[in-house]
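Report on the following structure.
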Amino acid sequence: MIIKARSLGPEPTVIEDVIPAEKWDLDSSDVKVIGFIKVVVSAAVYGTEIVCDTTVRTLRKVTCARCLDEVEQEDECAFTLSYCTKDHGDTIDIENDIREEVVLNWPVIPLCDADCKGLDPKTGEKLK
Ligand SMILES: [Zn+2]
């Protein structure tokens, strides 16, 4: 995802991209991206800084660490990246920075629900 730094101004420019899941290789044994990764960047220049308000949406299939249920979850991850205009030329490739933020927010212990009580150790049934 390339930002054209020279064409940006104080009014935000919205840039959208759809990244194939396999390109970012985010999958782990219990979290898999299904479909696409949707990225929306609102980029603007403030003084000597390029500010990129970024939202990344993914649809993923998660195996719950407590009850082992497989569920589909839509995730939205929002963050701001900023770059100094002096350190960059006409274009900035921000895709790796976006991917890094998404990786940092990727669930380490995925759950079907924050309140999941897991399995009954005696019966193996899901606790309610
Ligand atoms: Zn669960």
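In listed order, ligands and their atoms are each counted from 1. Numbers here simply count residues along the sequence, with the first being 1.
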Handout entry: Common cluster, Leu81/Val103, ILVMFWY with side-chain heavy-atom separation under 4.5 Å
Key = yes
Fill in the blank from the handout: By side-chain contact (heavy atoms from CB on, under 4.5 Å), Arg60 pairs with (sequence neighbours left out) Val31, Thr58, Val62, Gln73, Asp75, Trp106, Pro107
Problem - For Tyr83 against Cys52, the heavy-atom pair lying closest together - result: CE1-SG, 4.1 Å
Handout entry: Polar protein atoms (N, O or S) that approach the Zn ion (ligand 1) to under 2.8 Å
Key = Cys64 SG, Cys67 SG, Cys112 SG, Cys116 SG
Exercise for the section: State the CG-CZ distance between Asp115 and Arg66, to the nearest 0.5 angstrom. Expected result: 8.5 Å
Practice task
For residues Glu76 and Val56, determine if any side-chain heavy atom of one lies less than 4.5 Å from a side-chain heavy atom of the other.
Solution key: no
Problem - Asp90 with Arg6: basic N within carboxylate O range, under 4.0 Å - result: yes
